[in-house]
Amino acid sequence: MKRRRIRDQARIQRSLSIIPSLFTIGNIFCGYYSIISTLRGNWDYAAVLIGVGYILDGLDGRIARLTKTTSEFGVQLDSIADVITFGVAPGMLAFSWGFGAIQGIEGSVAKHVFQLGSVASFAFVVCGALRLARFNLQSADTASKRYFVGLPIPGGAGMIAAIVHYFKTPTLLIGSALLWALLLLLVAFLMISTVRYSSFKEFDVRKAKPSLALFVTAMLIALVLFYSEEVLLLMAKIYVSSGLIGKLLHTVRRFLPGVA
């Protein structure tokens, strides 16, 4: 009887281990179809798929920890999914949406901005891959997991997707394309920087009041459903800028010891 119980538990554990990988595969599908949508010129749909992939990416890890089915295979598969959904897909979206229209504009300025956009889009993909590689090396660290070192690649992809989802119409002016290229370079730099960003991994919903947590979640879902463009862009801007603000405050306190 005891051996049978052990075999049943092992079988159940193996079955549960598939569930997080299914969410990861769903994340890969979102990245793949986001690329297809970008090639078809459906930029808003491509941005939405990156957002769905963001949700699935957050769920697979949490489900693996809740079911106690974390594995090295799942970690590696998750990294591959992140490169596709949060690296290649937003990189192609950023290039097509931000610089595709100015490619037909004559003049040296437009040509140089287009070339800068190509470099900036590629820099985003490369820095995202470097960020994931560094994260994998640091994942075994026993230090506090309250912070990420550098902007997480889903955060950078979310910034791109939120902007495209908000404006929808691609950039048509050289000046706007130049600003877009500079923003891409800034996000790429933040991903390989040492700026700290909150991970929210140590946030325990069980410690919060259930009624308050449910209310906040319900309100957030309602706001995203009815005002997705404004709310998602605001959330992305707050998170990306939070690391810079924290770094600035830390620098001020270090040079001005009297500042509280």
Side-chain angles (χ1 to χ4, degrees), residues 16 19-24 26-27 29-31 34 44-70 74 78 81-82 85-86 89-90 93 128 131 135 139 143-168 183 187 190-191 195-250 260:
L16 290 176
I19 298 177
S21 297
L22 290 177
F23 279 89
T24 306
N27 184 15
F29 174 79
C30 288
S34 175
D44 185 39
Y45 193 59
V48 171
L49 284 168
I50 292 174
V52 175
Y54 185 94
I55 297 173
L56 294 176
D57 180 64
L59 288 175
D60 62 359
R62 291 186 179 274
I63 290 175
R65 288 190 292 270
L66 287 174
T67 57
K68 298 180 180 180
T69 55
T70 55
D78 185 69
D82 288 351
T85 307
F86 307 128
L93 176 61
R131 173 65 180 80
F135 173 77
S139 60
S144 175
K145 296 183 179 180
R146 293 177 55 194
Y147 299 100
F148 291 121
V149 179
L151 176 67
I153 185 173
M159 186 69 189
I160 293 175
I163 292 175
V164 174
H165 182 57
Y166 180 83
F167 290 101
K168 294 181 173 56
L183 177 62
V187 174
L190 289 175
M191 286 192 291
V195 177
R196 297 196 305 177
Y197 284 86
S198 178
S199 66
F200 303 108
K201 287 186 177 181
E202 294 187 354
F203 175 76
D204 192 352
V205 179
R206 294 171 296 183
K207 293 181 180 180
K209 295 182 179 179
S211 58
L212 180 60
L214 288 173
F215 174 76
V216 172
T217 303
M219 290 298 99
L220 183 60
I221 293 174
L223 288 172
V224 170
L225 286 176
F226 291 106
Y227 305 99
S228 61
E229 293 87 352
E230 294 81 2
V231 173
L232 293 176
L233 180 59
L234 179 62
M235 292 173 61
K237 289 168 62 177
I238 290 175
Y239 187 72
V240 172
S241 61
S242 64
L244 292 173
I245 295 174
K247 185 71 173 180
L248 178 62
L249 293 177
H250 177 73

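It should be emphasised that the depicted structure is a prediction, and the values quoted were computed from it without experimental measurement. Excluded from the calculations below are hydrogen atoms, water molecules and symmetry mates; all remaining heavy atoms, backbone and side chain alike, are included. One-based numbering along the sequence shown.
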side-chain contact (heavy atoms from CB on, under 4.5 Å) partners for Y45, two or more places apart
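Here the qualifying residues are Y33, S37, N42, L49.
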Any side-chain heavy-atom pair of [X] and [Y] under 4.5 Å:
X: L93; Y: I50; answer: yes
X: F135; Y: I153; answer: no
X: L232; Y: V224; answer: yes
X: L151; Y: Y239; answer: yes
X: V187; Y: I160; answer: no

Would the distance check show the side chain of S228 and the main-chain N or O of L225 forming a donor-acceptor pair, the cut-off being under 3.5 Å?
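Absent.
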Could you report the tightest heavy-atom contact between [X] and [Y], atom names first, then the distance?
X: G31; Y: A89; result: O-CB, 3.8 Å
X: R131; Y: M191; result: CD-O, 2.9 Å
X: P90; Y: T85; result: CD-O, 3.1 Å
X: A236; Y: A162; result: CB-CB, 4.0 Å
X: S242; Y: Y197; result: OG-CD2, 3.8 Å

Residues in salt bridge (charged side-chain N to carboxylate O under 4.0 Å, His left out) with K168, at least two apart?
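K168 satisfies salt bridge (charged side-chain N to carboxylate O under 4.0 Å, His left out) with E229 only.
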Hey, could you give me the [atom1]/[atom2] distance between [X] and [Y], rounded to the nearest 0.5 Å?
X: L248; Y: I245; atom1: CG; atom2: CD1; value: 8.0 Å
X: L249; Y: L244; atom1: CG; atom2: CG; value: 11.0 Å
X: E230; Y: H165; atom1: CD; atom2: NE2; value: 8.5 Å
X: L22; Y: L59; atom1: CG; atom2: CG; value: 12.5 Å
X: C30; Y: Y54; atom1: SG; atom2: OH; value: 14.5 Å
X: L56; Y: F29; atom1: CG; atom2: CZ; value: 11.0 Å

